[in-house]
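Side chains included, hydrogens not; waters and symmetry mates left out as well; all remaining heavy atoms used. Here is how names work: the chains are called A, B, and so on, in the same order as the sequence lines, proteins then strands, and each is numbered from 1.
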Number of protein chains: 2
Amino acid sequence: MKKTNLQSSSVTVADVARHANVSKSTAARVLGGYGVTSEKVRERVHASAKALKYRANELARSMTTGKSKTIGVVVGDIENSFFGIAVRSITDVLNANGFNVILANSDENFDVERDAVNVLVGKQVDGLIVAPANRYETAHLENLKTLNCAVVLFDREIPSMDVDTVISDDADAARNATEAFIAAGHRRLAFVTATIEGGREDNGKWRIPTSSVGRRIDGFLSACKEAGIAEENSLVVLNSDPDLGLGASISKLLDQPERPTAILASDSIVALEIFKQAQKRDIEMPDALSLIAFHNADWTEVTRPTVTVIDQPVSEMGRWSAEQLIKRIEGSAEPALHHVMKMKVINRQSVTSPK
Amino acid sequence: MKKTNLQSSSVTVADVARHANVSKSTAARVLGGYGVTSEKVRERVHASAKALKYRANELARSMTTGKSKTIGVVVGDIENSFFGIAVRSITDVLNANGFNVILANSDENFDVERDAVNVLVGKQVDGLIVAPANRYETAHLENLKTLNCAVVLFDREIPSMDVDTVISDDADAARNATEAFIAAGHRRLAFVTATIEGGREDNGKWRIPTSSVGRRIDGFLSACKEAGIAEENSLVVLNSDPDLGLGASISKLLDQPERPTAILASDSIVALEIFKQAQKRDIEMPDALSLIAFHNADWTEVTRPTVTVIDQPVSEMGRWSAEQLIKRIEGSAEPALHHVMKMKVINRQSVTSPK
DNA sequence: ATGAAAGCGCTAACAT
DNA sequence: ATGTTAGCGCTTTCAT
């Protein structure tokens with residue numbers, strides 16, 4: 001009555017070895033698929049393993065090999081379809097290569113991100129893919145170099161860090177989109193993002209923690225400036241009041257007497273909110289309001305008007321980051337790569353000249 | 001030159017102990033936050049830990065405690081906003097309770113799901129939340145009972161399994177929606193899903209592996225039958241040709257001479273595809289085609305017409321599953337719970353009587 | 001309150 | 001080709 005066979009506790013290599021009448025190391029060699037073993041022993045061990053319902057303890061394996069075959073992925077918000085697609089492509093590549101993914105949401109909050117990274121490192125992940133929430137905070141990532149942990153930055157660079165990074169050409173894309181607005185005759189423009197304000201820098205420039213958004217704003221403003229648009233007509237709308245949410249900022253924007261005639265939305269969630277609010281106010285699109293959105297979200301071709309978008313190669317970015325991470329884990333020592341992917345505009349119906 | 005201090009390899013409890021001039025076990029007690037230690041020693045150890053940049057190895061910790069503080073989550077497709085929201089709420093609850101989440105995509109494929117579950121068990125997860133792709137396959141989940149691994153089924157029950165499960169009232173909701181169509185005068189209806197056909201059962205009924213979809217079909221058909229709708233006018237459209245994709249099935253449906261006047265879409269992705277194809281064919285909605293969709297996706301209030309949806313309490317379901325799992329891990333031995341959440345219809349503009 | 005020693009399940013080095 | 005031994009970094013007895 002002391003030791004029931006059916007009990008839950010796990011069957012180990014030692015148990016299998018005993019049952020198969022071989023040494024622990026021989027059983028381990030067969031079960032772990034390494035070293036050399038004879039056909040005969042292999043069969044015997046496998047049979048015993050099956051009989052005892054042996055399952056390898058990957059934790060123990062990781063302990064001794066120093067490889068956990070686990071990757072940490074830290075994104076801003078998995079609910080955002082941009083990250084949904086990214087995570088999908090990342091896990092696809094990683095799983096295909098025998099890695100598992102621990103997912104963490106930073107909620108675009110740096111403290112959460114740092115904690116997540118630390119926990120993941122504690123779990124001995126072999127590598128990390130992170131979309132850093134703040135391009136001015138690097139300590140938690142710098143630390144990784146010391147440890148045996150590869151990193152790839154996804155969608156957002158950290159200028160001061162020399163690590164593999166994949167981004168898209170945010171500034172160029174934003175500039176092009178803005179120029180398209182201006183070419184169509186717009187003189188009152190706005191860029192809208194859900195990013196929370198990071199204050200201003202000494203030179204008076206916005207301090208935008210989210211690097212991709214920061215670069216988009218740069219592109220937007222430089223195009224406006226070049227075209228001689230006044231500052232008050234090249235608005236940058238941030239999520240100024242996190243309590244009220246972005247909706248409040250957009251309400252304010254649309255309710256002002258001289259509201260912009262063209263808006264560049266930093267992502268599809270922002271674009272959707274603009275769309276909703278414009279409809280509620282009976283603001284005719286595109287005649288009374290032109291719109292271009294970053295990210296070719298699925299719904300953008302089904303609205304009336306359909307939405308002109310800047311198509312980010314999200315899956316490709318995800319794939320690249322995963323593949324690059326694997327290369328590093330396998331020991332690649334080439335200089336850090338900084339991969340910039342081109343975005344392309346998909347012209348649909350939401351842009352016209354202001355009426 | 002033999003042992004550089006700056007080298008990557010990790011600082012262990014033993015290192016900290018040596019540096020602080022205490023025994024390994026004392027250092028471990030302080031660092032692990034268990035047992036009793038004196039104030040003085042505690043300070044000294046923490047100081048040493050900081051000086052040496054000690055980081056606990058959670059793998060080793062898990063090895064000895066038998067708790068990995070890690071949960072496996074297996075969903076059909078993280079790109080689907082339904083699962084995106086679910087994963088978000090699940091990870092939120094789990095993280096708040098000190099657990100991490102390993103995410104796996106089954107791609108609605110049973111073999112992938114089984115492999116994923118096995119890998120996760122190998123990684124010694126404390127529990128699993130899974131949206132099983134196939135309600136007729138249970139072996140991989142039955143096994144978990146023997147092991148020290150809690151399970152909660154999410155969104156899909158497995159009738160033969162007595163485990164904690166959270167679903168929504170799919171059959172009722174589908175029946176109600178169908179009855180609404182019929183009450184509006186529709187006599188040619190269709191239910192469309194991306195699920196792949198599982199053949200027919202002996203009694204001639206559809207064999208639908210995805211349990212939630214199966215129950216929705218039951219509800220749809222029973223409402224049709226009750227209203228005396230002929231079989232050829234209560235179509236169930238599956239993704240019959242996985243190579244061509246669901247789009248092909250929908251094309252066929254819409255191109256047939258006597259196409260349905262009302263469609264119930266099994267999820268928002270299906271609904272979006274129907275919307276796109278209807279627009280392409282200039283099928284006026286709702287006059288020429290009424291539509292109700294499961295899942296209150298964000299874009300459904302921005303189309304023209306806006307889409308009447310069956311709102312699933314996705315976040316609540318996610319939260320419930322995570323909370324229930326934690327209870328089990330903490331040792332709750334109450335009988336398995338089978339939690340059914342009510343869905344509610346949000347009436348918008350996509351339903352009218354057939355013209 | 002602290003220390004010494006054993007052990008989690010596996011792989012790695014070194015025999016034979 | 002197989003066996004023996006010694007760890008990985010931590011927690012957990014059991015002493016003191």
Inset, instruction - Apply the test salt bridge (Lys or Arg N to Asp or Glu O under 4.0 Å) to residues B:Arg156 and B:Glu137: give CA-CA distance (whole Å), side-chain angles for both, the deciding distance (0.1 Å), then the verdict. - result: CA-CA 12 Å; B:Arg156 304 170 186 181; B:Glu137 297 277 2; over 6 Å; no
Legend entry - Stepwise salt bridge (Lys or Arg N to Asp or Glu O under 4.0 Å) test for A:Arg88 and B:Asp107: CA-CA 10 Å; A:Arg88 179 59 143 99; B:Asp107 218 359; 2.8 Å; yes
Legend entry - D:dG9 OP1/OP2 closer than 4.0 Å to side-chain N/O of B:Thr12: no
Inset, instruction - Would you please confirm or rule out a distance under 4.0 Å between OP1 or OP2 of C:dT11 and any side-chain N or O of A:Tyr34? - result: yes
Legend entry - Atom pair distance, as rounded to whole Å: CZ in A:Arg61 and P in C:dC8: 18 Å
Inset, instruction - Among the candidates C:dT2, D:dC10, D:dT2, find the nucleotide nearest to the side-chain atoms of B:Ala60. - result: D:dC10
Inset, instruction - Measure the spacing between CZ of A:Phe154 and CD of A:Gln324 and express it to the nearest 0.5 Å. - result: 14.0 Å
Inset, instruction - Looking at every strand, decide which applies to A:Ala14 at a 4.0 Å heavy-atom threshold: base, sugar-phosphate, or nothing. - result: nothing
Inset, instruction - Could you walk me through whether B:Glu330 and B:Lys327 pass salt bridge (Lys or Arg N to Asp or Glu O under 4.0 Å), step by step? - result: CA-CA 5 Å; B:Glu330 286 173 348; B:Lys327 278 184 205 159; over 6 Å; no
Inset, instruction - Have a look at B:Thr37 and say if it touches a base, only the backbone sugar-phosphate, or nothing, with a 4.0 Å heavy-atom cut-off. - result: sugar-phosphate
Legend entry - Distance in angstrom units between B:Arg18 CZ and D:dC10 P, rounded: 12 Å
Inset, instruction - Go through D:dG9, D:dT2, C:dG3 for me and flag the one nearest to the B:Ser25 side chain. - result: C:dG3
Inset, instruction - In whole angstrom, give the distance that lies between atom CG of B:Leu59 and atom P of C:dT11. - result: 13 Å
Inset, instruction - From the options D:dT11, C:dT2, C:dA12, select the nucleotide whose nearest atom is closest to the side chain of A:Thr65. - result: C:dA12
Inset, instruction - Please work out if B:Val36 contacts a base, only the sugar-phosphate, or nothing of the nucleic acid, heavy-atom cut-off 4.0 Å. - result: base
Legend entry - Residue closer to the 5' end of DNA chain C, B:Ala27 versus A:Arg55 (nearest nucleotide): B:Ala27
Inset, instruction - May I ask you to evaluate whether A:Ser10 reaches the phosphate of C:dG9, defined as a side-chain N or O under 4.0 Å from OP1 or OP2? - result: yes
Legend entry - Length of the line joining B:Lys24:NZ and D:dG9:P, which is rounded to integer Å: 10 Å
Legend entry - Per A:Ser23 side chain, nearest of listed nucleotides C:dC10, D:dG3, D:dT11: D:dG3
Inset, instruction - Figure out the CZ/P separation between A:Arg42 and D:dT2, and round it to whole Å. - result: 9 Å
Legend entry - Whole-Å distance separating the CD atom of B:Glu39 from the C1' atom of C:dT2: 16 Å
Legend entry - d(CG, B:Asp15; C1', D:dC10) in whole Å: 13 Å
Inset, instruction - Could you please name the option among D:dA1, C:dG3, C:dC10 that lies closest to any side-chain atom of A:Tyr54? - result: C:dC10
Inset, instruction - Would you mind telling me which of D:dG9, D:dA6, D:dC10 lies closest to the side-chain atoms of A:Met63? - result: D:dG9
Legend entry - Separation of atom NZ in A:Lys67 from atom C1' in C:dT11, rounded to whole Å: 13 Å
Legend entry - base_contact_polar (C:dG3 base, B:Arg29 side chain, donor-acceptor, <3.5 Å): yes
Inset, instruction - Would you mind telling me which of D:dT2, C:dT2, D:dC8 lies closest to the side-chain atoms of A:Thr64? - result: D:dC8
Legend entry - Donor-acceptor side-chain pairing of A:Thr70 and A:Lys123 below 3.5 angstrom: no
Legend entry - Any B:Val125 side-chain heavy atom under 4.5 Å of B:Ile71 side chain: no
